Each structure stands twice: as structure tokens, then as C-alpha cells.
Amino acid sequence: MLRQELARCLQQAVLKAQQEGALAAAALPEVLIEHPQNPEHGDFASGFPLRMARAMRMSPLAIAEKVSQHIVLPPQVDKVWVAPPGFINFTLREDWLSTEVESILAAGEAYGNIDLGKSKRVQLEFVSVNPTGPLHVGHGRGAVLGSTLANVLTASGYAVEKEYYINDMGTQITNFARSLYARYQQCLSKEAAVPPDGYHGNYIIDLANEIIQEQGDRFLSLPNGEAVSQLAEVGVAKMLQTIKHDLKLLDVVFDVWFSERSLYRGGQYDRAMELLQSAGYVVQKANATWFESSSLGEDKDNVLVRGDGSPTYFASDIAYHYNKFLERKFDEVIDIWGADHQGHVPRMKAVLKALQCDPEQLKVIICQLVTLRRGEEIVKVSKRSGDIITLQEVIEEVGPDPCRFIFLSRSADSQMDFDMELAKKQSADNPVYYVQYAHARIASILRLAKQREIDYSQGDVSLLTSEPESTLIRRLILLPEIVERVAFSLEPHHLPYYAQDLATVFHSFYKQCRVVSEDEALTRARLKLVKASQLVLAKVLRLMGMSAPEKM
RNA sequence: GUCCCUGUAGCUCAGCUGGACAGAGCGGCUGCCUUCUAAGCAGCGGGUCGAGGGUUCGAAUCCCUCCAGGGACUCCA
């Protein structure tokens, strides 16, 4: 990328200046190239001389002068100049910028793809909600974040696998099954009560009725324990169907659905525990089996196997990550967890150390909570109690594209209010539609061109020299950098901001530059630019998992 | 009590591993549709960047203390 190339040029210039004695010898920090906020400062800039001033015992401005004298400019750059208090600025050549339009057209849908990943195998695990109830908004956030990251990492040259971890055993599943059994009995006019720590939501009743419709009252004749365990199977399968269905509404699709129980049938659990044991991290105390995380710098130990002999969620998760790293051998694993799992992160890092893996291979994104509200009123989403608003209802009310856009527009670090009233009220002026409208506008221009049978394949892009045109091109060629940045930082929220910015620049161009006009040569050139804009806009929308409408 | 996240314009949020006058959307106020989509464009107004110290040539950004909101500290997941 041009940015890296400039950094290299600068570095070489410094070295050369040092060799010639123009600059004092000093260790060089990494040369950073940035985009100045103010366009008057050029396309790229570096504050490198400012940082070197002390070590070189020279004024930043003087250093900048020396460096710029020694620099060999890459062909894309028009000029380099020095600005106080010691910046080195670069401006791109207008004729090079216009040829970038051709590059975009040539790359087509692949424009923006980069080779950061070098085909490294990355597993992205997200959502992984207990199959004991429908998804709510908070889960939607994780789903959108994860699927978008998967899109971007794929575009960045990683081999990505998306996985959903199904917690299909353990205490919560038992609570769920008992609750379901109670509702099942109630629906068949039997006395029964949902356990206090069970699931009280109405969806359990619907589920019970559905099972009755399909399988009748056959569970009544089974012994209590058998009925519960069979209903657990049926109930979990049905909840998973609902979850899959809801995720599909947001265009979230997984490659692998991984069952927690399979870790026990497949021996991963035994092998992982054996490994920890032989490494000396497993101790027996207080009637339970513990992972001695305190010896790895944690503030306390954690239970692996309870007094009653049942393994904890933590033990399963150890077996699961053992499987991810040592059996499936992913180069990198990214887990997206809710804020309530934040305390789990250092534990899992400690586990990796114990398993002789590099903790850096595991990246955990903690996604802060979502509060759902309608104006002032906070809407409850808890699964275990009373009335809830499901993700499905939110999507149906707000629409999948606005949902995705809203979820993506905030960094995972910050908690968000999802205001249904606002989301719907804003619809008309929603940034979502603003971006999509730009795409639809483009489609409309291209339709007109087609209707008039304008062949712009031979358009001459060197005619694209006006200010709105070059501003637009400058934005278009930012796409690979945005992709890189999102892939590197694992922060997809930069995408919607870029999309919006691009749309703004396009709308402005549209207003100032008539595309299909009397001037045939200019028309052909501008149609190329418009087509390139469509490719980039559609690409960003696709990365965000949103639709790129031809008409609105 | 310990740990994690957050605190930037009336509201919702960006601010790229310290940089050149602090940005966007919404809301408010002005203008702009006989030509490719006005779900648009152009402009105005609006901020002691939670508070106080510190590091630095330079801090919204890094360090410390404090304040406020949220979350985690279960043989729950």
C-alpha cells in the first residue's frame, strides 16, 4: 500500500542523509505516515522530524528540510514539502489518482481485498448463546459484529471459520428442561410448577404446546427424569432452529455448530484434563477438582469438577479451546463474548499458558451490553423472567439493514442504548438510507447510460480533474486502508463511518457534476468514476452485511 | 474492597498505536428541485474533550488521583 511505501521512502531518505552527515546518527523510531485532517496539508504527512529533534539535536524544521532533500519520491507522488513546526507533507499526482479509477474497475468486486492474513486460519466464535431461549438485542450486536469481522478478515486474506458453540449441557439446560416439562404438564392440565431458578418466559409455553402438537402427551407416561432428559433434547433442537432462523434474518450464517457435549463423547475433555494434570495445574481440595490458575498469576483458582462429579462450564471451555488450538490447530482464535464474561478472559489466557499455547493466539473481543428502550422506557430482555422482546421482533420492527448499521456504528467497548423509537423515527433520515441512497442514485445514473446506449468502456479518466472528482477518487482509494485497519484492530465500527463519508462525498459530487451530459468524452469518463463508486460503495455495504439497493 | 468498559456539541457517537484550528449524524435556524432519485446539496449556530495533577516541543489520546454510569468477582453460563 502507498502508505507503507511512503514510510519506506522516508526511512531511506533519513538513512541517506545520515550517511552523508547531513543528519546526526540516531536510532530511528518507526516512521508513521498519516492522513492529515486538513486537506491543505496534503494527502499524507509525517511528524517524524518532530520526534527526532531531541535525539538529533536539531530543529524539527531543519530535519524535515534535510530529509525532504534526500527523498526519492514514488511515481504516485506529485510533491513533498515541509511545514512548520516540522511536518513532511505529500500530495498525490492528479493524473495518478485518475488512473486509480481504472484500477478499481479492473479489480471489480475484489477491490479493497488485501493480503494481510497470508491465508492464516482464523476461527471466529461468536453468539454462542445458550439454546434455552430466543435471542435478544444484545446477542444481535455480537452476531453483527462477528459476521462483519468475518467478512473483513476474509477480504483481508485470512481463511476464516465462523463457529457457534452450543452449550447443550449443564445446569442451565437442566433448568430449561425442567421448566419445559412443567409447562408441558400444565398445558395438558396437570399440576406442575416452573422451578424458581427455571425459565419463566412465555415462549416456554409456546414451545410446550408445539411439542404437544407434534408428539402428543407421550412424555407424561415417562418417568420424571427420563421425560426431562428427552424434553431437553427436543427443546434444545427447537430453540436452535429458532436461533438459526433469527440469525438468518440478520444475514448471519455459521460454518460450524459445535456441541459442548461432543467434547465429552469425543474425548477432548479427557485429553485436555490429562494435559493439565500432567503439567501439574490440577489439584484436589474441598471436595472438588481445581485448576490452579493462581500459580499462573491469577488471583484465585477455579473449579473444574464440582463435588457432585459434574464438570463446570470452565472445564468445558478448556476442552473446547484445547480442541481449537491443539486439535484443529487454528493459527488464531477470536472469541466474541458479552461484557458479563469479561472476568473469564484472564482465566482462559492462563489456560492457554498451561496448555503450552501462546496466549496471544487467542483474541477476545468483549462486547458491552445493549439496553433496549422505547424512548424513556427500558424494555426487559431477560430470558429467565417474564416478558421479553426478542431479537426477531426488533428486526421485524426496525429492519435488518438499520439494525446491522446501528449495531456496527458503535465500538464494541461502549455500551449502547438501542432506542426502538429513535431507530424507527429516524428511518427517513437514518444514515443507513443515506448510504444506500447513494448506491441507488448511482444505479439510476447507470440505468440512464444504458438506456441511452452509452458505451463508456473507452472513457478517458484523465479528464477527471475537477475538485469534486478528485475528492471522490481520494475517498474511493481509502477502501483498502479501511479494510486493513478493521482487520488489524478488529474494530468494524470504522466501516459505517467510512461508508457515510463516502456517500457524502458522492452526493456532493453528484450535485456539482452532471454525469450524463452533452459532453460525450466527459460523460464517458464520469461514468467510469460513477461505476467505480458503485463498486466501492457496494463492497462496503457487503462487508457490513447489508443490501445495496438498485432503487429506493 | 479488587478488576474490566465508558464519560467529547442539546441527543447518539467517531477521533486512526500523542501531532498542525476538536469531527459526524440527529435536532435547531437559512437558502436550493424545468435536466441523471430533494431519502439530496450548500450554509449558520452549538464543546472549559468528567475533575485535578503529571510526562512531552505538543495530550481528547500516555501515567497518577478523584468523581459519575455500567459490568464482573458463583462448585451460573
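Residue numbering restarts at 1 for every chain, and letters A, B, ... go by the order of the sequence lines. All of these numbers come straight from a predicted model, not from anything done at the bench.
- The side chain of A:Val303 lies closest to B:rC75 when the candidates are B:rC5, B:rG25, B:rC75.
- Applying the Watson-Crick and G-U wobble criteria (two distances, each under 3.5 Å), B:rA14 pairs with nothing in any strand.
- The cationic group of A:Arg441 lies under 6.0 Å from the six-membered ring centre of A:Tyr510 and within 45° of the ring axis, placing it in a cation-pi geometry.
- For A:Ile173 and B:rA77, the CD1 to P distance is 10 Å, given to the nearest whole Å.
- Here, B:rG15 and B:rA20 have their P atoms 15 Å apart, quoted to the whole Å.
- Using a 4.0 Å heavy-atom criterion, one finds that A:Lys300 contacts the sugar-phosphate atoms exclusively.
- Two rings, from A:Phe509 and A:Phe506, have their centers less than 6.0 Å apart.
- Partner assigned to B:rG1 is B:rC73, using Watson-Crick or G-U wobble distances below 3.5 angstrom.
- Relative to the six-membered ring of A:Phe44, A:Arg3 misses at least one condition, a distance below 6.0 Å or an angle of at most 45° to the axis.
- No donor-acceptor contact under 3.5 Å links the side chain of A:Asn175 to the base of B:rA77.
- Taking atom P in both B:rG45 and B:rG53, the straight-line distance is 32 Å, to the nearest Å.
- B:rC73 and B:rG27 have their C1' atoms separated by 42 Å, given to the nearest Å.
- Each of A:Ala45 and A:Asp299 lies near RNA chain B, and the nucleotide nearest A:Asp299 is the one positioned closer to the 5' end.
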Base versus backbone protein contacts along nucleotides 27-36 of chain B [heavy-atom cut-off under 4.0 Å; B, S, -]: S-------BB
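- Nucleotides B:rA59 and B:rC49 place their C1' atoms 11 Å apart, quoted to the nearest Å.
- Using P as the reference atom, B:rC13 and B:rG71 are 16 Å apart when rounded to the nearest Å.
- Here A:Lys349 contributes atom NZ and A:Ser293 contributes atom OG; the two are 15.5 Å apart, rounded to the nearest 0.5 Å.
- Nearest to the side chain of A:Gln500, among B:rA77, B:rC4, B:rA24, sits B:rA24.
- Not less than 6.0 angstrom separates the ring centroid of A:Tyr164 from the ring centroid of A:Phe126.
- Comparing B:rA22 with B:rU61, their C1' atoms are spaced 12 Å from each other, to the whole Å.
- Residue A:Tyr498 places no side-chain N or O under 4.0 Å from the OP1 or OP2 atom of B:rA24.
- Stacking between A:His507 and the base of B:rG40 is absent under the criterion of ring centres within 5.5 Å and planes under 30 degrees.
- B:rU17 and B:rU6 have their P atoms separated by 14 Å, with the value rounded to a whole Å.
- Minimum atom distance to the side chain of A:Tyr437 is reached by B:rA38, of the listed B:rC21, B:rA38, B:rC75.
- Distance check on atom C1': B:rA24 versus B:rG47 gives 14 Å, rounded to whole Å.
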Base-contact (B) and sugar-phosphate-only (S) positions in nucleotides 12-17 of chain B, heavy-atom cut-off under 4.0 Å, - elsewhere: SSSSBB
